[in-house]
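Notes for the one structure printed next.
Each chain gets a letter, A, B and so on, in the order the sequences are listed, and its residues count up from 1. This is a predicted model, so every value here is computed, not measured.
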Amino acid sequence: MSSKISGPKGAPDLFPPRSLLHDEIIGRAVIQLRRFGYNRIETPVFEHTQLFEKGLEPGSDLVTKQMYTFEDRGGRSLTLRPDMTTPVVRAIIEHGMDRQGLPVKLYYVASIFRQERPQAGRQRQFTQVGVEAVGSGGPDIDAEVIQLALNIYRAVELDVNLALNSIGHPGCRADYIPKLQAYLRSVADQLCGDCRRKIETNPLRTFDCKVESDRKLLEDAPFIVDQLCPECEIHYAGVKDRLDEWGIRYTEDPRLVRGLDYYTRTAFELTAVGLGSQNAVGGGGRYDGLAESLGGPSLPGIGFGLGVERIALALESKGVERKPALDVFIVSIGDRGRTAAFSLAAKLREAGFTTDLDYAGRVMKGQFKAANSRGANWVVVIGEKELESGKYTVRQMNTGDEEELPPSRIAGYLAVRS
RNA sequence: GUGGCCGUAGCUCAGCAGGUAGAGCACCCGGUUGUGGUCCGGGAUGUCGCGGGUUCAAAUCCCGUCGGUCACCCCA
């Protein structure tokens with residue numbers, strides 16, 4: 001066992017039947033994304049390390065200890081993307097997409113890499129489907145992006161809770177952070193060690209603490225949402241107005257602090273039940289300063305990312321499963337039968353039916369078992385009798401009804417009956 | 001990076017007052033010489049994660065190691 005080669009830790013293989021569920025989630029999501037006017041972008045899985053050092057907060061865990069960074073043969077430092085927003089904004093700037101009309105609306109389906117300790121719902125390589133809308137700063141698009149995210153969850157039939165907050169712009173935070181720190185220092189002796197450390201390094205993160213006594217204390221802390229500048233205040237009110245108008249239910253969570261530090265103003269998170277401690281199935285927010293910090297023009301932006309694996313896990317915990325299915329399985333006997341089977345398979349596949357057959361030369365009973373385990377709705381039998389009469393036996397598996405038909409008429413027959 | 005739990009057949013697991021392995025599911029064959037999903041009978045499959053130690057004897061006890069998993073952390 002130990003000598004057998006295995007895949008790297010935290011990078012699970014995706015194969016049937018689970019891959020079917022993934023495909024379906026992504027497929028349904030893409031329909032929604034296109035309806036909202038987003039088109040697909042693909043960026044390389046690795047980027048210059050510098051991109052993430054500039055775009056993401058330099059002191060953050062994500063940058064300091066979770067990136068897969070390596071040197072290529074030319075001595076350049078490259079990093080497997082730990083985030084999709086930064087590369088997409090980079091690409092927008094690099095190709096001048098912002099000059100073709102704003103906002104730039106792009107969606108992606110992408111693998112993300114973060115070197116964390118794996119646990120339920122958290123892998124080192126995972127898949128995000130998400131959008132970035134760059135070049136529009138008003139609250140309309142914030143609300144619409146949230147609406148889009150919720151539409152995707154509805155399309156995959158997963159119930160989620162929407163938590164909403166505004167974390168202001170850097171100016172708001174510059175005023176607010178000292179106030180928060182002052183409060184935290186005043187109760188420092190009652191806080192856990194981690195939180196005490198975060199007072200200086202990353203005070204916003206204390207809101208994520210799971211220690212009950214700390215949570216209590218933080219209820220009395222000043223919240224950024226109460227300290228917004230007039231412009232951010234108006235923006236946030238605008239987002240909530242739109243959501244209210246559209247009948248979208250949300251919970252305001254003044255403790256919600258998005259993980260990535262480029263976020264400004266609107267922040268939201270979507271959680272589902274049935275997931276263990278990693279229960280966020282998606283999240284997003286506004287990042288008005290990011291383009292500029294990457295050396296581009298000043299462009300506001302907003303986006304979200306949904307975790308495909310976590311959505312699949314949440315659905316599976318509800319008992320949802322997808323099994324491979326087949327329209328037709330062809331059972332044949334003998335060499336002539338097999339030749340006829342392949343020629344019929346080609347015709348049926350051309351006509352759009354998922355079709356499979358036996359490659360092992362199994363006995364008829366075994367071929368029927370195979371048809372059954374592959375989930376075939378129909379079986380076509382080509383044996384001696386059929387070859388002689390020129391009519392194949394077409395059996396509907398769930399009813400057992402059989403019909404004798406010449407090969408040329410089978411596709412038409414199936415099209416009518418299925 | 002820190003901690004708890006777990007590594008036995010393809011999968012889920014039993015066996016652990018030490019005597020060198022078993023069940024269910026899945027798979028293959030047959031009962032039904034051309035019909036699956038039900039039933040009955042038969043069959044194949046394991047370096048019991050790896051290394052070392054104790055012992056006449058280790059899946060079982062001890063040490064180490066690797067792997068998995070869950071939680072912290074962090075986040076989708």
Would you indicate what A/Ala371 reaches in the nucleic acid, counting non-hydrogen atoms under 4.0 angstrom: base, sugar-phosphate, or nothing? nothing
Roughly how far, to the nearest 0.5 Å, is CD of A/Gln147 from CD of A/Gln32? 10.0 Å
Could you tell me whether A/Arg215 and A/Glu219 make a salt bridge, using a distance below 4.0 angstrom between a side-chain N and a carboxylate O? no
Could you measure the distance from the OG1 atom of A/Thr86 to the CG atom of A/Leu51? Nearest 0.5 Å is fine. 6.0 Å
Taking the P atom in each of B/rC6 and B/rU60, what is the distance between them to the nearest angstrom? 15 Å
Side chain of A/Arg122, base of B/rC74: donor and acceptor closer than 3.5 Å? yes
Calculate the interatomic distance between A/Gln278 atom CD and B/rU69 atom P; express it in whole Å. 14 Å
C1' gap between B/rU47 and B/rC70, integer Å: 30 Å
Say you pick atom P in B/rC61 and the same atom in B/rA71; how far apart are they, in whole Å? 28 Å
Give the minimum heavy-atom separation between A/Asp253 and A/Ala163, together with the two atoms involved. CB-CB, 4.2 Å
N-O pairing of A/Glu144 and A/Arg242 below 4.0 Å: no
Between CD1 of A/Ile311 and P of B/rA76 the distance, given in whole Å, is 13 Å
Here the distance between atom C1' of B/rC75 and atom CG of A/Leu275, to the nearest Å, is 13 Å
Taking 4.0 angstrom as the limit, do A/Lys240 and A/Glu252 come out as a salt bridge? yes
How many whole angstroms separate atom CZ of A/Arg117 from atom P of B/rA71? 13 Å
Closest approach of A/Val104 to A/Met97 (non-hydrogen atoms, all atoms of both residues): CG2-O, 3.6 Å
For A/Leu270 and B/rC75, what is the distance between atoms CG and C1' respectively, to the nearest whole Å? 14 Å
Sticking with atom C1', work out how far B/rC28 lies from B/rA9, rounded to a whole angstrom. 15 Å
Which value, in whole Å, describes the distance between the P atoms of nucleotides B/rA59 and B/rU8? 15 Å
Inter-nucleotide C1' distance (B/rG34, B/rG41), Å rounded: 22 Å
For the pair A/Tyr413 and A/Trp378, name the ring-plane relationship: parallel under 30°, tilted 30 to 60°, perpendicular over 60°. perpendicular
A/Arg124 has an atom CZ; how far is it from atom C1' of B/rC74, in whole Å? 13 Å
Let's test your reading of the model: under 3.5 Å, does the base of B/rC75 pair with the side chain of A/Gln128 as donor and acceptor? no
Rounded distance in Å - CG (A/Asp214) to P (B/rC72): 15 Å
B/rU45 versus B/rC27 - spacing of their C1' atoms, nearest Å: 10 Å
Heavy atoms only: give me the nearest A/Leu80-A/Phe46 pair and the separation to one decimal. CD1-CB, 4.1 Å
Enter the distance from A/Leu315:CG to A/Glu157:CD here, rounded to the nearest 0.5 Å. 8.5 Å
Using only heavy-atom distances, decide whether a donor-acceptor pair under 3.5 angstrom links the side-chain of A/Arg310 to the base of B/rC75. yes
Torsion-based syn/anti label for B/rA17, 90° from 0 as limit: syn
Treat primed atoms plus P, OP1 and OP2 as sugar-phosphate and everything else as base, then score nucleotides 33-38 of chain B 5' to 3': B for base contact with protein heavy atoms under 4.0 Å, S for sugar-phosphate contact only, - for none. -BBBB-
Of A/Gly121 and A/Pro118, the one whose closest nucleotide on RNA chain B sits nearer the 5' end is A/Pro118
How close or far is atom P of B/rC75 from atom OH of A/Tyr263, stated in whole angstroms? 11 Å
Defining pairs by Watson-Crick or G-U wobble geometry with both distances under 3.5 Å, how would you list the stems of RNA chain B with at least three pairs each? B:1-7 with B:66-72, B:10-13 with B:22-25, B:27-31 with B:39-43, B:49-53 with B:61-65
Rounded distance in Å between the P positions of B/rG19 and B/rG67: 31 Å
Check for me whether the distance between the ring centres of A/Phe207 and A/Phe223 falls short of 6.0 Å. yes
